[in-house]
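Both ligands and their constituent atoms are indexed starting at 1 by order of listing. As a basis for the values below, the full set of heavy atoms in this structure was taken, side chains included, without hydrogen atoms, waters or symmetry mates.
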Amino acid sequence: VVIQVPGTSLKLLGTQTQPRMTAHDVVCLHTMVGYLKSTDAYFRDQGFGGTESHLGLGGKWGSDVEPQLDGKTWQWQDVAFTADANYEGNGRVISYETADNAPQDPDDIAEWTPKQLDEIVRVVKWLCSREAHKYCPTSWKCYKEGIPTSLIPNTLKSSRGIGYHAQGTASSMPAGAERWSSTVGKPCPTSRRIKQLKEIIIPRVRDEEDNMGFTADDKNYLGYIVGAITGANNNSTIDDVQPALRDGLNAAKEGRDTTKKVYTGVEELAADFEAFKVSTDAKLNEIIDLVSPTEDSTDA
Ligand SMILES: [Zn+2]
Ligand SMILES: [Zn+2]
């Protein structure tokens, strides 16, 4: 059985020649300085004899545009076998390359797109789950615990969790830490994406709630709802607003995992819009602030 991440396209690079993994300790994010299409061609050229990562994510740039690969993941290597993207960590690191705008200067690597963020969260969440490791040797930690959904502090062999390539390329690292590249100082996946990994992806993978009890997915979902409500004028009736609420509800349901809590809230809201308008203005304002913290209030 090939261990494949659900929802990805399996595109093995050829006959299997790589050794088996000896552990699943880390999911590591990379950036390609290129596109999924071009990186696929580059990896495929030498099959498993050359460089490769386990997974690759498409973007909205270059040769990924026409085949609409933004947010699509291709799987090049069976997760049970090693890939060659993390040097001394290859035996225990699952590697995930991501497409970018391929600039001359790594400082100009663009942020991950919303579709890329959603897909990274989905894929990393699965890789960290116990489900992903049910075929692993029963003596392995991943079989018993999955992979922790926190950022690893360093690349010591004892570190397990979510990481990024540059953690293993720094000029100064703890004694015994794995070098994840033969090139010292490789900044992959570069500053904007490292920030997104820490501030957006890991909290979403962990389903962390803010102090109002909303997860990141709740907030996205509430964004649809608030848009529907604030888009309607004050004299709207439930019949005017309900279609927009329904559209938002359906879009949100199709697009992401939503929590029962929020789903139920919108069902009630849609059923009693007039009551909602009168009784929960303050709560609505809180939600608007929450989902659009940088929005200027230009109302008179
Ligand atoms: Zn890298
Ligand atoms: Zn495993």
With hydrophobic residues grouped by side-chain heavy-atom distances under 4.5 Å, do [X] and [Y] end up in a single group?
X    : Y   : answer
F81  : I94 : no
L55  : L29 : yes
Y143 : I3  : no
W74  : V27 : no

Please state whether the rings of F43 and W76 are parallel, tilted or perpendicular, taking 30° and 60° as the class boundaries. perpendicular

How wide is the angle at the Zn ion (ligand 2) between ND1 in H24 and ND1 in H133, to the nearest 10°? 100°

Strictly by modelled atom types, are T98 and W112 linked by a side-chain donor-acceptor pair under 3.5 Å? yes

Enumerate the protein N/O/S atoms at a distance below 2.8 Å from the Zn ion (ligand 1), ignoring waters. H30 ND1, H165 ND1, C188 SG

